Chemist: 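Before we start, here is the structure in question, set down as C-alpha cells.
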Amino acid sequence: MFSFFKKKDTEFYDLFLTSAKYFHESALLINKVMSGDNGADAGFLDITEIEHNADAINDKIIDKLNKTFITPIDREDIYALANGLDDGVDFLQGTLQRAMMYHLKETSDAAISLSQLLIKSTTEIVNAFSMLHEVTKHEHEILECTYKISKFESEGDRIYRNEIAYLFENIKDPIELIKWKDVLDYIEDTLDHCEKLSDLLRGVVMKYA
C-alpha cells in the first residue's frame, strides 16, 4: 500500500542523518587505524558492524521510498543521497580491508592527514543532513557545509599527489610502494566521494530552497 507523505513526517531526513553519522563514525575509525591507535584487524571488525548497520538504514530508506506516494524531495534525489551515504561507508570498509590484508605496521603522515580531512568532511556532511529537513530556512548553512567539503577535497588532492610522488622517489621496495599507494588511493577516493555527495546536497538545495 502506498501512503501519502505528510509534511510533518521527517522519517526520510532522520534516516539520512543516521546514515551520515555512520559515515562519520567510519571516518573516525579509519583515522584511529591510520594513526596506529587501533589495529587493522580490530578496526575491520568494527567497520564491518558499522557497514551492516548502514546497509540496514539504506534498506529502510528504499523500503519507505517504495511505499510513499508523495515524497518531500524527488524520488531520484532520495535514492541518490541514500546510496551515496551508504557507498561512503563501503569505501572506508574497503580501505580497512586493504590495511588488514597488507599487514600495514607503519603509520603514514599523509594517510593520517587524509583521514583527518575525512573526519572534517563527514562532520560537514552530518551538519548538512541535520538541517536538510528545513532546507529553505538553512539554505546558506547547508551550502557553506558543501563549500567546506570541496575545500577539504582540494587539500586532500594536494596531500595525495605529494605523497605519491614521495613514494615513487623514495620507496625502493615495490611491494611496500604498491601497498601504500592502494590504501592512499582508497582514502583519497573517499574524499572525492564526499565532494560528490556534497554536490548532490547542493543540487537539492538549489531545487527546493
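In this chain, numbering begins with 1 at the start of the sequence shown. What you are looking at is a predicted structure, and each value in this text was computed from that prediction instead of being measured.
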Chemist: Taking I142 as the starting point, is it possible to reach Y147 by hopping between hydrophobic residues whose side chains are less than 4.5 Å apart?
Modeler: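 Yes; tracing contacts between hydrophobic side chains, which count when under 4.5 Å, links both residues.
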Chemist: After noting the C-alpha distance and the side-chain angles of L117 and I159, does the key distance pass the side-chain contact (heavy atoms from CB on, under 4.5 Å) rule?
Modeler: CA-CA 10 Å; L117 289 173; I159 294 171; 3.9 Å; yes
Chemist: Please round to the nearest 0.5 Å and tell me the distance separating atom CG of L114 and atom OG1 of T95.
Modeler: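 Reported to 0.5 Å precision, the distance equals 10.5 Å.
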Chemist: Quick check on E169: does its CD atom have over 12 non-hydrogen neighbours (other residues, nucleotides or ligands) under 6.0 Å away?
Modeler: no
Chemist: Going by salt bridge (Lys or Arg N to Asp or Glu O under 4.0 Å), name the residues that satisfy it together with D189, two or more places apart in sequence or in a different chain.
Modeler: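 If we apply the salt bridge (Lys or Arg N to Asp or Glu O under 4.0 Å) test to D189, skipping adjacent residues, there are no hits.
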Chemist: Can you name the nearest heavy-atom pair linking Y102 to V183, along with the distance?
Modeler: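 What the structure gives for the nearest pair is CD1-CG2, 4.1 Å.
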Chemist: Is there side-chain contact between T18 and N53, with heavy atoms separated by less than 4.5 Å?
Modeler: no
Chemist: Suppose we screen for salt bridge (Lys or Arg N to Asp or Glu O under 4.0 Å). Which residues come up paired with D14, at least two apart in sequence or across chains?
Modeler: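 Partners of D14 by the salt bridge (Lys or Arg N to Asp or Glu O under 4.0 Å) criterion come out as none, since no residue qualifies.
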Chemist: Measure from the side-chain N and O atoms of S19 to the backbone N and O of L15, and report whether any donor-acceptor pair falls under 3.5 Å.
Modeler: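 Flag not set: sc S19 to bb L15 has no pair under 3.5 Å.
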Chemist: Do you know the tightest heavy-atom contact between F69 and R75?
Modeler: O-NH1, 3.8 Å
Chemist: Do side-chain atoms of S108 reach the backbone of A111 as a donor and acceptor pair under 3.5 angstrom?
Modeler: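 Yes, because the side chain of S108 sits within donor-acceptor range (under 3.5 Å) of the backbone of A111.
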Chemist: Go through E49 and H52 one step at a time and tell me if the side-chain contact (heavy atoms from CB on, under 4.5 Å) criterion holds.
Modeler: CA-CA 5 Å; E49 182 179 355; H52 289 160; 5.6 Å; no
Chemist: Roughly how far, to the nearest 0.5 Å, is the CD1 atom of I61 from the OG1 atom of T68?
Modeler: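 Reported value, rounded in 0.5 Å steps: 11.5 Å.
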Chemist: So, using side chain to side chain contact (heavy atoms under 4.5 Å, CB included) as the criterion, who are the partners of E51 when residues are at least two apart?
Modeler: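 In terms of side chain to side chain contact (heavy atoms under 4.5 Å, CB included), with neighbours along the sequence ignored, E51 is linked to D55, V89, D90, Q93.
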Chemist: Students often mix this up, so state it plainly: with edges at 30° and 60°, are the rings of H193 and F91 parallel, tilted or perpendicular?
Modeler: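 Rings of H193 and F91: tilted, 30 to 60°.
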Chemist: Is R98 reaching over with its side chain to a backbone N or O of G94, donor-acceptor style, under 3.5 angstrom?
Modeler: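 Side chain of R98 to backbone of G94: a pair is present.
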Chemist: Which heavy atom of L29 sits nearest a heavy atom of G43, and at what distance?
Modeler: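 What the structure gives for the nearest pair is CD2-O, 3.3 Å.
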Chemist: Can a donor-acceptor pair be found, under 3.5 Å and without considering hydrogens, that links the side chain of T71 to the backbone of I73?
Modeler: yes
Chemist: For L191 and S121, which heavy atoms make the closest approach, and how far apart are they?
Modeler: CD2-OG, 3.7 Å
Chemist: Looking only at heavy atoms, what is the nearest atom pair of F16 and A82, with distance?
Modeler: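 For F16 and A82, the tightest heavy-atom pair comes out as CE2-N, 3.8 Å.
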Chemist: With N170, which residues qualify under side chain to side chain donor-acceptor pair (under 3.5 Å), at least two apart?
Modeler: none
Chemist: Any salt bridge (charged side-chain N to carboxylate O under 4.0 Å, His left out) pairs touching residues 107-123, not counting sequence neighbours?
Modeler: none
Chemist: Looking at residues at least two apart in the chain, or sitting in another chain, which of them share a side chain to side chain donor-acceptor pair (under 3.5 Å) with Y166?
Modeler: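 Result, side chain to side chain donor-acceptor pair (under 3.5 Å) vs Y166: none returned.
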Chemist: Could you tell me which residues satisfy side chain to side chain contact (heavy atoms under 4.5 Å, CB included) with T122, sequence neighbours excluded, listed by chain and number?
Modeler: F23, H24, A27, C194
Chemist: How far does CG of L167 sit from CG of L177, to the nearest 0.5 angstrom?
Modeler: 5.5 Å
Chemist: Do you know which two heavy atoms are closest between Y22 and I50, and how far apart they sit?
Modeler: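 Looking at all heavy atoms of both residues, the closest pair is O-CG2, 3.7 Å.
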Chemist: Tell me every residue that passes side chain to side chain contact (heavy atoms under 4.5 Å, CB included) with D157, counting only those two or more places apart in sequence or in another chain.
Modeler: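 E153, R161, E188, D192.
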Chemist: How long is the straight-line distance from CG of L197 back to CD of E124, given to the nearest 0.5 Å?
Modeler: 12.5 Å
Chemist: Has N83 got a side-chain atom pairing as donor or acceptor with Y79's backbone, closer than 3.5 angstrom?
Modeler: yes
Chemist: Please list every donor-acceptor pair under 3.5 Å in which a side-chain atom of residues 198-207 meets a protein atom from a residue at least two apart or in another chain.
Modeler:
{"unit_1": "S198", "atom_1": "OG", "unit_2": "E195", "atom_2": "O", "d": "2.7"}
{"unit_1": "D199", "atom_1": "OD1", "unit_2": "R202", "atom_2": "NH1", "d": "2.8"}
{"unit_1": "R202", "atom_1": "NE", "unit_2": "T146", "atom_2": "OG1", "d": "3.4"}
{"unit_1": "R202", "atom_1": "NH2", "unit_2": "T146", "atom_2": "OG1", "d": "3.2"}
{"unit_1": "K207", "atom_1": "NZ", "unit_2": "D74", "atom_2": "OD2", "d": "3.3"}
{"unit_1": "K207", "atom_1": "NZ", "unit_2": "D77", "atom_2": "OD2", "d": "2.9"}

Chemist: So, using side chain to side chain contact (heavy atoms under 4.5 Å, CB included) as the criterion, who are the partners of S115 when residues are at least two apart?
Modeler: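 With sequence neighbours excluded, S115 shows a side chain to side chain contact (heavy atoms under 4.5 Å, CB included) to I30, N31, M34, given in chain and number order.
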Chemist: For the atom pair CG (L143) and NZ (K148), what is the distance rounded to the nearest 0.5 Å?
Modeler: 12.5 Å
Chemist: Residues two or more places apart in sequence or in another chain: which of them pass salt bridge (Lys or Arg N to Asp or Glu O under 4.0 Å) with D173?
Modeler: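 D173 satisfies salt bridge (Lys or Arg N to Asp or Glu O under 4.0 Å) with no residue once adjacent residues are dropped.
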Chemist: Determine whether more than 12 heavy atoms belonging to other residues, nucleotides or ligands lie under 6.0 Å from atom NZ of K179.
Modeler: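 For K179, atom NZ is crowded (more than 12 foreign heavy atoms under 6.0 Å).
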Chemist: Among all residues two or more places apart in sequence or in another chain, which pass the salt bridge (Lys or Arg N to Asp or Glu O under 4.0 Å) test with D86?
Modeler: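 Partners of D86 under the salt bridge (Lys or Arg N to Asp or Glu O under 4.0 Å) test: none.
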Chemist: Answer yes if F129 and V135 sit in the same cluster of Ile, Leu, Val, Met, Phe, Trp and Tyr residues linked by side chain heavy atoms under 4.5 Å apart, and no otherwise.
Modeler: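 Yes: a chain of side-chain contacts under 4.5 Å links F129 to V135.
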